[in-house]
Amino acid sequence: MTRKTINVAFTSDDWRGVALSNFSLSPFELDGVPLASVEGFIQGIKFPPGHPARERAFASSAWEAKACGKGADKRHAYWGEARIDFGSDEHHRLVERALRARFAQNEGLRRVLRSTRDLEILHQTGEPEPEPEKTSMPAALFCRILTDIREAAAEPEDLAERIVEQTTDALIYADRAGRITRWNQAACRLFGFSREKALGASLDLIIPEHLRAAHWAGYDAALASGRTKLEGRPTLTRGVCGDGRKLYVEMTFALVKDETGAAIGSVAMARDVTERVERERAARKAQAQGS
């Protein structure tokens with residue numbers, strides 16, 4: 001399946017790509033210097049302080065800003081007291097600072113960027129020539145920076161959802177009745193039950209039958225008292241997979257409470273440690289046989 005993309009460039013056919021591009025008029029400040037656009041900053045720092053093209057670029061956007069840089073020798077970039085090698089990592093970090101300052105100072109722009117969260121960011125200007133070996137901001141780096149800014153600007157709820165889904169440990173949340181209401185992708189991989197199968201099911205789905213009585217006694221006691229016996233310490237237990245296999249899993253538990261402090265459910269993080277347990281068991285057996 002081809003992933004959907006957005007071209008962040010002045011030539012984009014998506015208005016958001018145009019708005020997010022460095023060419024667009026989007027005033028911001030860097031180190032107290034007012035700038036009309038990132039493109040103006042990129043072109044202006046090609047000239048040393050006092051050069052008329054520098055000031056024109058800083059006050060320009062789009063093709064006007066691009067034109068300001070045509071007379072530069074592209075050997076150095078100038079900012080503050082520093083003279084920086086053109087196209088160097090230091091140069092790229094400086095342009096990145098400008099990019100980040102632009103978004104940090106513009107909530108509307110951050111909202112536009114967040115609206116692209118399901119799209120892969122590309123930067124394709126349509127120019128026939130390949131990207132120069134030395135450039136103010138390589139396309140791949142530009143896309144990575146925008147993606148990083150977008151992730152950092154995610155709404156708290158959206159960010160929380162991404163954390164849950166992208167953590168490598170299985171995360172299972174059950175309500176007071178022990179019904180599963182949160183089951184992330186790692187839980188699907190670990191236990192072999194799809195989200196559709198797990199959601200709404202009892203925790204018995206993954207608990208071996210001989211452990212269920214002890215589990216529910218501890219579960220009910222924790223919800224009633226508002227505290228768990230383990231208090232966040234990991235414990236080794238068994239889990240059942242969708243194909244009937246039993247795993248050794250290391251789990252940590254925590255109660256989830258509402259605003260009044262009442263326990264409303266329990267969240268568990270789990271990881272498969274079957275290989276480790278079996279390796280340790282084999283080592284103990286070999287040691288016993290050798291003694």
Side-chain angles (χ1 to χ4, degrees), residues 5-88 90-113 115-116 121-147 149-150 153:
T5 61
I6 182 169
N7 181 26
V8 176
F10 206 61
T11 53
S12 178
D13 58 4
D14 187 318
W15 69 269
R16 296 173 298 176
V18 177
L20 296 169
S21 75
N22 290 338
F23 259 42
S24 295
L25 177 65
S26 183
F28 66 100
E29 287 189 0
L30 185 66
D31 298 339
V33 178
L35 300 155
S37 67
V38 174
E39 184 63 31
F41 173 77
I42 287 172
Q43 300 302 330
I45 61 174
K46 293 176 180 177
F47 301 94
H51 196 290
R54 180 183 176 95
E55 301 308 318
R56 286 199 307 272
F58 284 175
S60 304
S61 62
W63 299 109
E64 182 183 353
K66 185 84 169 175
C68 290
K70 284 189 175 179
D73 61 18
K74 293 186 178 181
R75 290 187 299 168
H76 299 102
Y78 303 86
W79 190 247
E81 301 297 320
R83 187 178 73 170
I84 303 163
D85 288 340
F86 187 88
S88 65
E90 185 179 0
H91 184 196
H92 296 160
R93 287 193 295 271
L94 175 59
V95 177
E96 179 175 353
R97 283 186 59 215
L99 264 172
R100 291 185 179 277
R102 177 198 182 203
F103 281 93
Q105 296 168 32
N106 192 324
E107 171 60 22
L109 207 58
R110 293 198 299 275
R111 289 182 180 274
V112 173
L113 184 58
S115 75
T116 71
I121 295 174
L122 304 178
H123 178 61
Q124 299 170 341
T125 61
E127 295 182 4
E129 297 84 6
E131 184 175 81
E133 183 178 347
K134 289 187 175 183
T135 181
S136 299
M137 176 56 59
L141 179 58
F142 174 67
C143 294
R144 193 266 296 165
I145 293 168
L146 284 189
T147 302
I149 294 171
R150 181 174 66 186

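Basis for what follows: all heavy atoms, side chains included, without hydrogens, waters or symmetry-related copies.
- For R144, the CZ atom counts as densely surrounded, since its 6.0 Å shell holds more than 12 non-hydrogen atoms of other residues, nucleotides or ligands.
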(request) Might you work through the salt bridge (charged side-chain N to carboxylate O under 4.0 Å, His left out) test for K134 and D85, ending with a clear yes or no? (result) CA-CA 10 Å; K134 289 187 175 183; D85 288 340; over 6 Å; no
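- Here the CG atom belonging to D14 is positioned 4.0 Å from the CD1 atom belonging to I6, to the nearest 0.5 angstrom.
- Aromatic ring orientation, F86 versus H91: tilted (interplanar angle from 30° to 60°).
- For F58 against G40, the heavy-atom pair with the smallest separation is CD2-O, 3.6 Å.
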(message) Between F41 and L94, is the side chain to side chain contact (heavy atoms under 4.5 Å, CB included) condition met? List the steps.
(response) CA-CA 10 Å; F41 173 77; L94 175 59; 3.8 Å; yes
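- Taking both residues in full, the closest heavy atoms of L109 and F103 are given as CG-CE2, 3.6 Å, listed atom of the first, atom of the second, then distance.
- Contact check for F23 versus S37: no side-chain heavy atoms found under the 4.5 Å cut-off.
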(request) Give the C-alpha distance, both sets of side-chain angles, the deciding distance and a yes or no for side chain to side chain contact (heavy atoms under 4.5 Å, CB included) between T147 and R150. (result) CA-CA 5 Å; T147 302; R150 181 174 66 186; 4.0 Å; yes
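- Note that CD of E133 is 10.5 Å distant from CD of E131, once rounded to the nearest 0.5 Å.
- Here the CD-OG distance, from E55 to S60, works out to 10.5 Å after rounding to the nearest 0.5 Å.
- Side chain of H92 to backbone of T135: a donor-acceptor contact under 3.5 angstrom is found.
- For CD of E107, the number of neighbouring non-hydrogen atoms (other residues, nucleotides, ligands) closer than 6.0 Å is greater than 12.
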(request) Could you please spell out the steps behind the side chain to side chain contact (heavy atoms under 4.5 Å, CB included) verdict for R100 and E96? (result) CA-CA 6 Å; R100 291 185 179 277; E96 179 175 353; 2.9 Å; yes
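- Looking only at side-chain heavy atoms (C-beta outward), L146 and H123 stay at 4.5 Å or farther from each other.
- Residue C68 comes nearest to A53 through the heavy atom pair O-CB, 3.8 Å, listed as atom of the first residue, atom of the second, then distance.
- Residues R54 and Y78 have side chains in contact (heavy-atom distance under 4.5 Å, counting atoms from C-beta outward).
- Of the inter-residue distances, the one linking N22 atom CG with L99 atom CG reads 5.0 Å to the nearest 0.5 angstrom.
- Counting all heavy atoms, side chain and backbone alike, R102 lies closest to L20 at NH1-O, 2.9 Å.
- Nearest heavy atoms, V8 versus I121: CG2-CG2, 3.7 Å.
- K46 places a side-chain heavy atom less than 4.5 Å from the side chain of S136.
- Pairing each heavy atom of N7 with each of S12, the nearest pair is O-OG, 2.8 Å.
- Atom CZ in R56 sits 12.0 Å away from atom CD in Q43 (nearest 0.5 Å).
- In this structure, R93 does not pair ionically with E90, as no charged nitrogen and carboxylate oxygen lie closer than 4.0 Å.
- With rounding to the nearest 0.5 Å, the separation of NZ in K66 from CZ in F10 is 12.5 Å.
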